[in-house]
Number of protein chains: 2
Amino acid sequence: MARITIKDVAARAGVSYQTVSKVLNHQGNVSPETEARIWEAVQESGYRPNVSARNLRTQSSNLIGYAWQRSLDDSPRPILDQFLYDAISTAEQHGYHLLTFLVDLKDAAGVPIYKELYDRRQVEGFILADTNHNDPRIAYLMEQDIPFASFGRANDDWDFCWVDIDGRHGLRIVVDHLIEQGHRQIGLLTWPEGSEAGAYREEGFVDSLRNAGLEVRPDWILRGTNTVQFGAEGMQHFRARPYDERPTAVACVSDVIAIGALNDANAAGLCVGQDIAITGYDDIPMAQYLTPSLTTVRQPIVAVGQRVVDLLLQQIREEPITEKGILLKPELIIRESS
Amino acid sequence: MARITIKDVAARAGVSYQTVSKVLNHQGNVSPETEARIWEAVQESGYRPNVSARNLRTQSSNLIGYAWQRSLDDSPRPILDQFLYDAISTAEQHGYHLLTFLVDLKDAAGVPIYKELYDRRQVEGFILADTNHNDPRIAYLMEQDIPFASFGRANDDWDFCWVDIDGRHGLRIVVDHLIEQGHRQIGLLTWPEGSEAGAYREEGFVDSLRNAGLEVRPDWILRGTNTVQFGAEGMQHFRARPYDERPTAVACVSDVIAIGALNDANAAGLCVGQDIAITGYDDIPMAQYLTPSLTTVRQPIVAVGQRVVDLLLQQIREEPITEKGILLKPELIIRESS
DNA sequence: TGACATTAGGCGAACGTTCGCCCGAACGTT
DNA sequence: AACGTTCGGGCGAACGTTCGCCTAATGTCA
């Protein structure tokens, strides 16, 4: 079956092929009769426009790039998956598709692949996720003046489009809640320093304690990878301390870490929610079915995917940008573990 | 900054633009001196080929399509993520990228999007995952004669390219192991009927029991969604039965389900690994850090991503296909829970 | 030295669209 | 009746490549 072009349709409808183009793009003056005839010819012939030809002519690609990263510590990334789904969905509503590619973030040498894709006119811009302080990707894209928008912030003085969820607020409401429950000794299991999201959440943790006039004890703040293992180790570490020298409540910066903490506490015979409180962050689906069910923070992910894509498309279309940085508020989900 | 084309490079090197094309594509007769001059001009001008133009001329797109699905029961899909990563990696080694799009699988009405993308010459073929018996996507792609390859099988009498992991063997080695541990009463927590992967795993379960001369009790096979919740409910259901009427070992078709079962057993005061054995399937990263650590089945995912892409590219290039169906063997990981 | 093969590179054409301009017919206006 | 407008549709050109053929110059051999 030879490929069907606009010319075949034109021949069938008895018009010039350029007229067919006009009809397909809903522009220009065509009489209702010929228009109907052309649509009929399109139907009968099963014509589909050739994307490459169209792209070449219109100097566009209707493609957005997204760099797929192997999760560094092999932890599940339910939030990223969800974000990506909603981003794709929004993009498709605007006639765009997502092109995924790999970038090696171990050394910054992998970053030029962004420019490569952009210069080849394969994509019109990028979506980023999992950003960090001094993120080399963001620095590079800004410097090269390539359109992009990110889920997550970077340095405060960098001027680019981002959408983020207010982790500071997230941990603040968690700790406020724990204090309200009567806890005065509160620990934190968080990521290593240098994590952008981690820094904000830690700020919220500190804010809330200070606000309540409580002391911030550095030895109650433990850092590690985003794994169940670290959660268990952290809890073990706390348990090893003398009774009045250890937290009665432990806030974790992710549900994955909280699961580890929960496991360890359960295994040690503690009654979580009674003897000790544990909270997570993310509200992964599993959270409500753990024993005990996990108090955690739910993030408005759907909105993020949409807003990020919207921001990117505004840049691509060179429309005025309504709001360069968008900060959304998360929500506290109280369950049995606190 | 105006865009740089092959003609700019040609002007700079003092040759015709077609000669530049020859050099870029490493073909044709060009003297070493001019070739060097042209490469230099390419460097200096920062020329990058225009993908749309190239695609139009060569009638290709170097894009592979993959339909992103929202996980139906919101369960994590670590295997899919891993598969996708390796698939992209392999594709990129062959100069291809991945185009992701959404397809609504609730009604089969969403399926024609595949043909649409293919007919528009936006992609050259597709990768599928999470296949099922009577999978409408596979039926459609076969009927339309569109190149594709899948991770997962469908109906036995359908002739298409797939790579799969032998779930029958997977559950066989699990149950063999349980029997060897002395268990005679073995239950199964599996997915609803109609799941292709579930059916194979169940066959392996039955195989192994029969092989050992043990009875297969239908009331010890429970079906539900791929969630922690179902795992917990299933275990609860077993526990509610009289002592000699309940399994002493429970095999689960996924780690997620096993986690639920583990939780429930732990909460009920059972000593898992002693009083009762529980096994999972997938070897998600969390599995080794659960208490007790989870006996499970590890799948050779990296190989799958590679093989699926290889199979697809063979079709696209119309090379002879070496092996239409590839079945890989999983591996038993024995830990404390059994 | 003449016939022929090889090499370097030029040139026209084509891939399948969209875009802007042009033209003739029909119509309305003064 | 002459003129200006509007409408329907045609036409050439261009987007940036690659491909195949052609030609002139050079080399090779009898």
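Residue numbers begin at 1 in each chain, while the letters A, B, ... track the order of the sequences. All values below come from the heavy atoms of this structure, side chains included, with hydrogens, waters and symmetry mates left out.
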Could you give the [atom1]-to-[atom2] distance, from [X] to [N], as a whole number of Å?
{"X": "B/Asp8", "N": "D/dT17", "atom1": "CG", "atom2": "P", "result": "9 Å"}
{"X": "B/Asn62", "N": "D/dT17", "atom1": "CG", "atom2": "P", "result": "15 Å"}
{"X": "A/Asn29", "N": "C/dA25", "atom1": "CG", "atom2": "C1'", "result": "14 Å"}
{"X": "A/Gln122", "N": "D/dG16", "atom1": "CD", "atom2": "P", "result": "16 Å"}
{"X": "A/Gln59", "N": "D/dT17", "atom1": "CD", "atom2": "P", "result": "10 Å"}
{"X": "B/Asn55", "N": "C/dG16", "atom1": "CG", "atom2": "P", "result": "13 Å"}
{"X": "A/Lys7", "N": "D/dG10", "atom1": "NZ", "atom2": "C1'", "result": "14 Å"}
{"X": "A/Ile6", "N": "D/dG10", "atom1": "CD1", "atom2": "C1'", "result": "14 Å"}

Check A/His97 against B/Thr100 and note the closest heavy-atom contact, atom names and distance.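 It is ND1-O, 4.0 Å.
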Mind listing the closest non-hydrogen atom pair of B/Leu311 and B/Glu323 along with its distance? CD2-O, 3.4 Å
Which residue lies more 5' along DNA chain D, comparing A/Arg37 with B/Ser52 via nearest heavy atoms: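 Looking at the nearest nucleotide for each, A/Arg37 comes out on the 5' side.
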Testing D/dC15, D/dT17, D/dG8 for proximity to the side chain of B/Tyr47, the answer is D/dT17
Can you figure out which of C/dC15, D/dT17, C/dG10 approaches the side chain of B/Val15 most closely?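 The nucleotide sitting nearest to the side chain is C/dG10.
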First of B/Ser16 and B/Thr58 reached from the 5' end of DNA chain C, by closest nucleotide: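 Taking each residue's closest nucleotide, the earlier one in sequence belongs to B/Ser16.
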Using a strict 4.0 Å threshold on nitrogen-to-oxygen distance, state whether A/Arg120 and A/Glu116 make a salt bridge.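 Judged by the 4.0 Å cut-off on N to carboxylate O distance, A/Arg120 and A/Glu116 do form a salt bridge.
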Is [X] close enough to [N] that one of its side-chain N or O atoms is under 4.0 Å from OP1 or OP2 there?
{"X": "B/Thr34", "N": "C/dG9", "value": "yes"}
{"X": "A/Tyr17", "N": "C/dC19", "value": "no"}
{"X": "A/Arg3", "N": "C/dG16", "value": "yes"}
{"X": "A/Ser31", "N": "D/dG9", "value": "yes"}

Any-strand Watson-Crick or G-U partner of C/dT29, both distances under 3.5 Å: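 Base-paired to D/dA2.
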D/dT26: pairing nucleotide in any strand, Watson-Crick or G-U under 3.5 angstrom: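 Check on D/dT26: paired to C/dA5, both distances under 3.5 Å.
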Ignoring hydrogens and angles, tell me if any N or O in the side chain of B/Gln306 forms a donor-acceptor pair with the backbone of B/Asp86 under 3.5 Å.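 Not a single qualifying donor-acceptor pair exists.
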With a 4.0 Å cut-off on heavy atoms, is B/Asn50 in touch with a base, just the backbone sugar-phosphate, or nothing at all? sugar-phosphate
Would you classify B/Arg120 as touching base, sugar-phosphate or nothing, given that sugar-phosphate means primed atoms plus P, OP1 and OP2, and contacts are heavy atoms under 4.0 Å? nothing
When you compare the side chains of A/Gln144 and A/Tyr118, does any donor N or O come within less than 3.5 Å of an acceptor on the partner? no
Ignoring hydrogens and angles, state whether a donor on the side chain of B/Gln43 or B/Trp39 is under 3.5 Å from an acceptor on the partner side chain.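 No donor-acceptor contact under 3.5 Å links the two side chains.
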Is there a side-chain contact between A/His133 and A/Asn155, using heavy atoms and a 4.5 Å cut-off?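 Of all side-chain heavy-atom pairs linking A/Asn155 with A/His133, at least one is under 4.5 Å.
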Looking at A/Tyr140 versus A/Tyr114, is the centre-to-centre ring distance below 6.0 Å?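 Aromatic pair excluded; centres sit 6.0 Å or further apart.
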Check DNA chain D against residues 18-26 of chain B and give the residues with a non-hydrogen atom under 4.0 Å, in numerical order. B/Gln18, B/Ser21, B/Asn25
For D/dT18, does the base pair up with any side-chain atom of B/Arg57 as donor and acceptor (N or O, under 3.5 Å, distance only)?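 Answer yes: a donor N or O sits under 3.5 Å from an acceptor.
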